[in-house]
Amino acid sequence: MEREPAMGAFAGLGGELTSLIGRRTETARIARLLSGARLVTLSGVGGVGKTRLALRVAANATRSAFPDGVYVAELAALRDPEQLAPSVLGTLDVANPGRPGADATAALVARLCERRALLVLDNCEHLIDACARLIDALLRAAPGLRVLATSRQPLGIAGEQVFPVEPLPVPDADQGHGVRALSDNPAVALFADRAAAVLPGFTVTESDAAAVAELVRRLDGLPFAIELAAARIRSLTPHEILERLTDRFALLTGGSRVAVDRQRTLRALIDWSHELCTERERLLWARASVFRGGFDLESLERVCADPELPPAALLDTLDALVVKSLVNCRHERGRARYHMLETVREYGHERLAASGSLDAIRRRHRDRYAELTARAGQEWFGPRQVDWFTRLRLDHPNLRAALEFCRERPGQARAGLALAVSPRHYWITAGLLSEGRRWLSRLLAADHAQDHGDDAAGPGAAVRVQAQVTDTYLGMLQGDPEADVRRALATCEAAARRGGHRRESAWVWHHHGILAIWTEDFAGAAELFARASAEFRAQGCLDAALECRVKFAIAHAYGGDVAAADEACDEVEAAARAHDESWLHGMALLARALLARRADAPVDAIANARAAIARLRPFQDWWDVAMCVEVIAWSTQDAPRRAARLLGVLHMLWESVGGRLGSAPFMRAQHVRFEAAVREALPAAGFDREFRRGARATVDEAMAYVLDDAAGVPGLTRRESQVAELVAEGLTNKDIAARLTIAQRTAENHVERILGKLGFTSRTQLAVWAYERRTETAGS
């Protein structure tokens with residue numbers, strides 16, 4: 001059969017009216033997928049930019065790849081599935097647009113069966129079944145055809161390659177928000193570009209950079225929402241747009257007049273997704289909106305399942321929302337965790353409020369996280385300590401939401417206090433002192449306003465006293481004036497004694513012991529810690545008793561009985577190993593570092609402080625990590641440039657804690673002397689340069705530097721660092737063994753471990769790397 005002439009190419013593409021920003025990598029990846037897969041579906045939530053991305057890929061398609069043309073069929077306005085094939089045929093052959101469905105499908109097959117063409121079907125989600133049947137028929141009949149589809153959910157047919165389209169990257173909350181720091185961010189660039197289109201000359205300035213960064217972050221990097229927000233720049237500043245984002249669906253309107261209705265406003269866009277859901281999917285969407293920052297399946301079941309939404313149906317319903325791109329699923333630490341874009345979550349929250357079920361679902365949500373934190377408190381001293389901390393950190397936005405419910409609802413303040421103090425040291429280990437104090441003070445005030453009767457000895461009163469003691473301790477760690485702290489502790493002690501709350505009395509003694517250390521009354525501190533430890537043991541609180549023992553060791557390590565400190569460290573380390581516990585083990589290693597420092601053994605001090613950081617860092621316990629860095633810095637005074645940078649790291653860590661201390665109080669005098677000595681050893685400009693490098697580092701960069709030794713090899717022990725350096729000098733294992741006075745087999749084992757840690761396969765790789773590290777360090 002003679003082949004018909006090639007069809008006209010690039011039908012339906014038109015020219016781009018606005019630039020496509022931040023999608024270069026995705027465009028290239030989709031093009032590569034199309035070279036191997038016959039059907040590629042761009043999936044994602046409404047407004048994420050699937051259509052623009054598909055049109056860019058189509059416009060970039062070459063005649064050599066698709067000599068018979070590239071065709072775009074826009075399906076957004078189409079309602080009748082029977083009109084799908086005729087509509088697509090009209091894109092290919094305008095002379096025959098009116099055929100009925102079956103005839104149109106046959107005509108499409110006849111037209112495409114011997115062609116090498118690309119067919120783009122845009123907005124398939126509302127005709128998903130019809131699109132799947134048509135595409136399947138065309139691909140089976142036309143081996144040279146490629147199809148690029150856009151849909152809020154995959155088509156679900158054989159051979160489909162799904163490409164999830166993600167929102168644009170947004171600035172990190174922790175990064176700098178100056179113009180230079182934001183210059184390469186795609187979400188900010190999109191806002192600036194679209195704002196300049198409606199307000200010529202608009203650029204992001206230093207004064208509004210932070211507002212723009214927060215704005216695009218709050219909009220999840222969703223291009224459609226960013227464009228609608230940018231259109232408001234005609235009459236509002238970025239700060240004012242951000243302030244009015246509390247009702248994003250009222251603010252973000254005014255899309256293109258020529259767009260279909262559902263692409264005119266943000267609400268209409270999400271309404272369209274809602275209409276495509278079943279009743280059960282809508283119900284789960286609304287209920288899941290009570291979660292903040294993500295959730296796991298177990299929590300979803302506990303909060304959202306009931307006879308109206310049975311547990312047996314919940315997983316399939318959740319999966320449908322994932323398929324429809326309304327819920328995102330990520331694997332984190334071996335478990336599935338689910339997230340909603342904030343725009344999608346707020347829409348569901350509105351629906352939940354309108355249903356009258358908001359309070360009931362929020363109460364279930366609060367109960368779930370009260371249960372989780374109570375379990376975390378019970379299992380804190382044990383092998384799951386790091387896991388529990390990580391889980392609570394992941395669920396911190398949910399903890400906030402639960403605390404908000406308790407603060408807002410009458411009669412719920414004490415439930416909030418119980419949530420806020422379990423596990424007891426969460427706010428400290430998480431480095432969230434200021435936030436912990438805010439919640440405790442608000443909840444204590446709300447609880448005080450409620451009449452609980454004379455229940456000084458009851459369990460509710462115990463929770464209140466525990467919260468008062470915790471709040472006082474957080475204030476201590478933030479640097480509250482000593483007189484204020486002592487008055488607060490006196491109030492706590494009186495309340496504990498009046499109610500017979502012996503554990504809280506013991507914590508008050510512990511806190512007095514901390515104050516005694518800070519005022520260099522080491523003997524008095526040791527006595528208070530011993531008293532508190534004995535009471536905790538009598539109450540069956542082993543972890544609290546051991547915490548007092550490790551503080552007892554620190555008191556003696558800094559100014560008392562070395563043998564007593566060493567014995568206490570032995571006890572705490574043995575118990576920590578027996579229970580596979582991490583945090584107290586790290587604190588015992590800090591005490592060891594102080595002991596080594598007191599014995600003028602800087603190498604051992606550094607080794608113990610680094611080992612302590614390894615234990616404490618997973619908790620983000622920057623207060624105690626800072627004390628470890630202090631010991632390391634003091635032990636490097638013979639390397640003043642390094643010491644100056646470590647002082648900068650210390651400044652950054654204390655800033656991150658949110659306190660006013662600048663150093664642990666009992667270390668402050670030595671810190672001042674040490675800093676003066678380092679300044680004297682360096683030119684002023686040199687000290688300032690190194691200090692700034694430490695102070696401006698990220699936490700990860702700072703920790704990599706702190707854990708590095710003089711040879712500059714992070715992640716290795718001191719001995720392994722020495723071995724790496726000798727490998728760089730070209731020594732054999734036999735030579736290394738002789739140089740370090742160790743067995744040859746030991747040297748061989750060191751080399752094998754180093755290669756494994758660094759991911760190298762040969763000594764040559766290790767030698768080159770170690771040499772480059774040494775050269776880089778020398779030049780810095």
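Being a predicted model, the structure only gives us computed values, none of them experimental. The first residue in the sequence is number 1, and the count goes up from there.
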Main-chain N/O of Ala575 paired to His579 side chain as donor or acceptor, under 3.5 Å | yes
Does Asp580 reach the main-chain N or O of Gly382 with its side chain, forming a donor-acceptor pair under 3.5 Å?
-> no
Look only at the side chain of Arg610 and the backbone of Val706, and say whether a donor-acceptor pair between them is shorter than 3.5 Å.
-> yes
Pro167 versus Gly221, closest heavy-atom pair with distance = CB-O, 3.5 Å
Strictly under 6.0 Å, is that where the ring centroids of His425 and Trp380 end up?
-> no
Apply salt bridge (charged side-chain N to carboxylate O under 4.0 Å, His left out) to Arg330 and Glu166, showing your working.
-> CA-CA 13 Å; Arg330 303 173 191 159; Glu166 302 288 343; over 6 Å; no
Using atom types as modelled and distance alone, determine if a side-chain donor or acceptor of Thr698 lies under 3.5 Å from a backbone N or O of Glu701.
-> yes
For His510, check side-chain hydrogen bond (donor to acceptor under 3.5 Å, both in side chains) against everything at least two apart and list the hits.
-> Lys551
Is there a donor-acceptor contact under 3.5 Å from the side chain of Arg217 to the main chain of Pro171?
-> yes
Donor-acceptor side-chain pairing of Ser299 and Asp296 below 3.5 angstrom = yes
Does Arg642 reach the main-chain N or O of Tyr705 with its side chain, forming a donor-acceptor pair under 3.5 Å?
-> yes
In terms of heavy-atom contacts, does CD of Glu206 have more than 12 from other residues, nucleotides or ligands at under 6.0 Å?
-> yes
Set of residues satisfying salt bridge (charged side-chain N to carboxylate O under 4.0 Å, His left out) with respect to Arg400, sequence neighbours excluded | Glu435
Which heavy atom in Phe674 sits nearest to a heavy atom in Ala643, and how many Å separate them?
-> CZ-CB, 3.6 Å
From Glu630 atom CD to Leu650 atom CG, the distance as rounded to the nearest 0.5 Å = 5.0 Å
Run the side-chain contact (heavy atoms from CB on, under 4.5 Å) check on Leu616 and Trp583 step by step: do they pass?
-> CA-CA 6 Å; Leu616 299 171; Trp583 185 63; 3.3 Å; yes
Working to the nearest 0.5 Å, report the span between NE2 of His556 and CD1 of Ile517.
-> 10.0 Å
Cationic N near anionic O, under 4.0 Å, Arg592 to Asp566 = yes
State plainly whether the residues Asp480 and Arg437 are in salt-bridge range, i.e. N to O under 4.0 Å.
-> yes
Indicate yes or no for a side-chain donor-acceptor contact from His339 to the backbone of Cys329 under 3.5 Å, with no hydrogens or angles considered.
-> no
Can you see which heavy atom on Trp622 is nearest to which on Val699, and at what distance?
-> CH2-CG1, 3.3 Å
Kindly assign one of parallel, tilted or perpendicular to the pair Trp518 and Trp623, based on the angle between their ring planes and the thresholds 30° and 60°.
-> parallel
Applying side chain to side chain contact (heavy atoms under 4.5 Å, CB included) between Arg292 and each of Met340, His396, Glu404, report the one that passes.
-> Glu404
CA sep, side-chain torsions, deciding dist, call: Leu168, Val216, side-chain contact (heavy atoms from CB on, under 4.5 Å) | CA-CA 9 Å; Leu168 293 172; Val216 299; over 6 Å; no
Residue pair Gln670 / Trp634, side-chain donor-acceptor N/O under 3.5 Å = no
Around Glu567, counting heavy atoms of other residues, nucleotides and ligands shown, do more than 12 lie under 6.0 Å from its CD?
-> no
Given the rule in the side-chain contact (heavy atoms from CB on, under 4.5 Å) test, do Phe529 and Ile514 qualify, once you have shown the distances and angles that lead to the verdict?
-> CA-CA 9 Å; Phe529 290 134; Ile514 296 292; 3.9 Å; yes
Between Gly513 and Ala525, which heavy-atom pair has the shortest distance, and what is it?
-> O-CB, 3.4 Å
Is any NZ, NE, NH1 or NH2 atom of the basic residue among Arg337 and Asp395 found under 4.0 Å from an Asp or Glu carboxylate oxygen of the other?
-> yes
side-chain contact (heavy atoms from CB on, under 4.5 Å) filter on Ala681, not counting sequence neighbours, yields Pro640
Partners passing side-chain hydrogen bond (donor to acceptor under 3.5 Å, both in side chains) against Gln385 (at least two apart in sequence or in another chain) = Glu581
Test side-chain contact (heavy atoms from CB on, under 4.5 Å) applied to Ala189 - qualifying residues, sequence neighbours left out | Ile21
Heavy atoms only: give me the nearest Leu297-Tyr338 pair and the separation to one decimal.
-> N-CE1, 4.0 Å
Just by distance, do the side chain of Thr519 and the backbone of Ala516 share a donor-acceptor pair under 3.5 Å?
-> yes
Any donor-acceptor N/O pair, Asp220 side chain to Glu342 backbone, under 3.5 Å = yes
Distance, nearest 0.5 Å, that separates NE2 of His511 from CG of Leu477 | 8.5 Å
Answer yes or no: is there an ion pair linking Arg391 with Glu298, defined by an N-O contact shorter than 4.0 Å?
-> yes
Which atom names give the shortest non-hydrogen contact between Ala626 and Leu653, and what distance separates them?
-> CA-CD1, 4.0 Å
With side-chain contact (heavy atoms from CB on, under 4.5 Å) as the test, would you mind laying out the steps for Ile554 and Met587 before giving the verdict?
-> CA-CA 9 Å; Ile554 289 173; Met587 295 299 294; 4.2 Å; yes
With sequence neighbours excluded, what pairs up with Arg393 under the side-chain hydrogen bond (donor to acceptor under 3.5 Å, both in side chains) test?
-> Gln620
